[in-house]
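In what follows, a structure is listed as structure tokens, so that the remarks can point back to it.
Only this structure's heavy atoms are used, side chains among them; waters, hydrogens and symmetry mates stay out.
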Amino acid sequence: MNIHQWRSLRRNRRCTYCAHSHIVYGRDGSICFCRAKDKAVYEGLPRWFCQVYTVVEDS
């Protein structure tokens, strides 16, 4: 199983692997921001029911 397949599995759907996530670094720490939903999210939380989740392609 390659990394792309592993990330696509329901149990491994996390914002960390999503193409829409963007981490913003500030003096109070880092915030994960979802560009598709236009809101802050917790990157480590599983997103089993997220309809915009898109796996980042391996480089």
Self-check item: Reported OH-to-CD1 distance for the pair Y42 and I31, which is rounded to 0.5 angstrom
Solution: 13.5 Å

Self-check item: Student check: side-chain heavy atoms of R10 and F49 closer than 4.5 Å
Solution: yes

Quiz prompt | Rounded distance [0.5 Å steps], CD1 in I23 versus OG1 in T16 | solution = 6.5 Å

Practice problem: Specify the closest pair of heavy atoms between V24 and F33, including all atoms of both residues, with the distance to one decimal. | Solution: CG2-CB, 4.4 Å

Quiz prompt | For C15 against S21, the heavy-atom pair lying closest together | solution = O-OG, 2.8 Å

Quiz item: Between atom SG of C34 and atom CZ of R47, what is the distance when rounded to the nearest 0.5 Å?
Solution: 8.0 Å

Practice problem: Please report the closest heavy-atom contact between C50 and K37, naming both atoms and the distance. | Solution: SG-NZ, 3.5 Å

Exercise. Nearest 0.5 Å please: distance from the NE2 atom of H4 over to the CG atom of N2.
Key: 7.5 Å

Quiz item: Should we say atom CG of L45 is surrounded by more than 12 heavy atoms from elsewhere, each under 6.0 Å from it?
Solution: yes

Quiz item: Can you check whether G44's main-chain N or O pairs, donor with acceptor, with R14's side chain at less than 3.5 Å?
Solution: yes

Quiz item: CH2 of W48 to OH of Y53: how many Å apart, nearest 0.5 Å?
Solution: 13.0 Å

Quiz item: Transitively linked via ILVMFWY side-chain contacts under 4.5 Å: V55 with W6?
Solution: yes

